[in-house]
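What follows is one structure encoded as structure tokens, with my remarks underneath.
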Amino acid sequence: MVSLEGKNALIIGVANERSIAWGIARQLHEAGCKLGFTYVGDALEKRVRPLAESVGSTFIEPCDAGDDAQIEAVFGKWQKTFGTMDIFVHAVAFADRNDLKGRFYETSRKGFNLAMDISVFSLIAMAKHAVPLMKEKGGSILTLTYYGAEKAVKGYNVMGVAKSALESSVRYLAADLGPDNIRVNAISAGPIKTLAASGIGDFRMMLKHHAKVAPLQRNVTPEDIGKAALYLCSELGSGVTGEIMHVDSGYNAVSIPPEKEGSEG
Ligand code: NAD
């Protein structure tokens, strides 16, 4: 088992126990990593605080990814509390529900900018504050993306465009920060039933389709994503940066899957 004893990680994007970020937090915690969390709004604080406390965390701060002052405050407090940062996990995305329902060409300027601001620019804005905390010892930055960045996926609309920009940002950040020994990667997760996923129309159909087509013939879990995150954020992934790692039961690798035994042609 890889050890993260003596390391710390700021995790942005836990909403509840079903969050992918919580799956990641649990794996990092089991490896001995000290954790800090953020939340948006009082309702989510009630969910996040007990989860954070269950893994021994006392760093639980408000942070709206669209608010520069709040971002600055969180990283400032981190510096005062821990001095340096080893791992930063960005598991944040947001789009107006209406922009995920209709025809893609009807996306509004406001909705487009909102999705790009919260789901893409926030990674860059937060990386800017993480870098000075990681520079001395090196570090690892991780974000979450989805296959809708690579192919048009029904119901994913403007979020697919945002995820393409996010994946590109991972490559540009990796190129920029490699000389500082800061690695930047993304996990492209298969669909998982979370709060954010509930905004995507016909998500149940998506889950069924993935489980049917993917080589492993099942959907992934937050634990699957957590284990891959542990690899990318620890010494195990020391040579990996700028990578978009699919953790999707192999869905992205196939087009027309082989017939299952017993099914008709
Ligand atoms: P989730 O709802 O549990 O997490 C999304 C998080 O984004 C929440 O904690 C929410 O508070 C946060 N967030 C939204 N707007 C914010 C803002 N303005 N400021 C700060 N935080 C904000 O859902 P999840 O599925 O675990 O999503 C985590 C990441 O994983 C997202 O980037 C999502 O796109 C990505 N992802 C999800 C799936 C899936 O099927 N669930 C698949 C691939 C990638």
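Just so you know, ligand 1 is whichever comes first in the structure, and atom 1 is the first atom listed for that ligand.
When heavy-atom distances to ligand 1 are checked against a 4.0 Å cut-off, Lys163 comes that close only through its side chain, counted from C-beta outward. Looking at Cys63 against ligand 1, only its backbone comes within 4.0 Å, counting heavy atoms. The backbone and the side chain of Leu195 each have at least one atom closer than 4.0 Å to an atom of ligand 1 (non-hydrogen atoms only). With a 4.0 Å cut-off on non-hydrogen atoms, Leu44 touches ligand 1 through its side chain and not its backbone. The parts of Asp64 lying near ligand 1 are both backbone and side chain, judged by heavy-atom distances below 4.0 Å. The backbone and the side chain of Ile20 each have at least one atom closer than 4.0 Å to an atom of ligand 1 (non-hydrogen atoms only). Residue contacts with ligand 1, taken as heavy atom pairs separated by less than 4.0 Å, do not involve Tyr147 at all. Contacts between Thr145 and ligand 1 below 4.0 angstrom, taking non-hydrogen atoms only, involve the backbone exclusively.
Salt-bridge check for Arg218 with Asp224: passed, with a basic side-chain N closer than 4.0 Å to an acidic carboxylate O.
Polar contact check, Ile192 against ligand 1: a nitrogen or oxygen pair lies under 3.5 Å apart.
Regarding atom 4 (O) of ligand 1, its nearest protein heavy-atom neighbour is Gly13 O, 3.4 Å.
Applying the ring-ring contact (aromatic ring centres under 6.0 Å, His included) test to every pair with at least one member in residues 150-170, sequence neighbours left out, gives these pairs: Tyr146-Tyr156.
For Phe59 and Phe37, the ring centers are positioned 6.0 Å apart or more.
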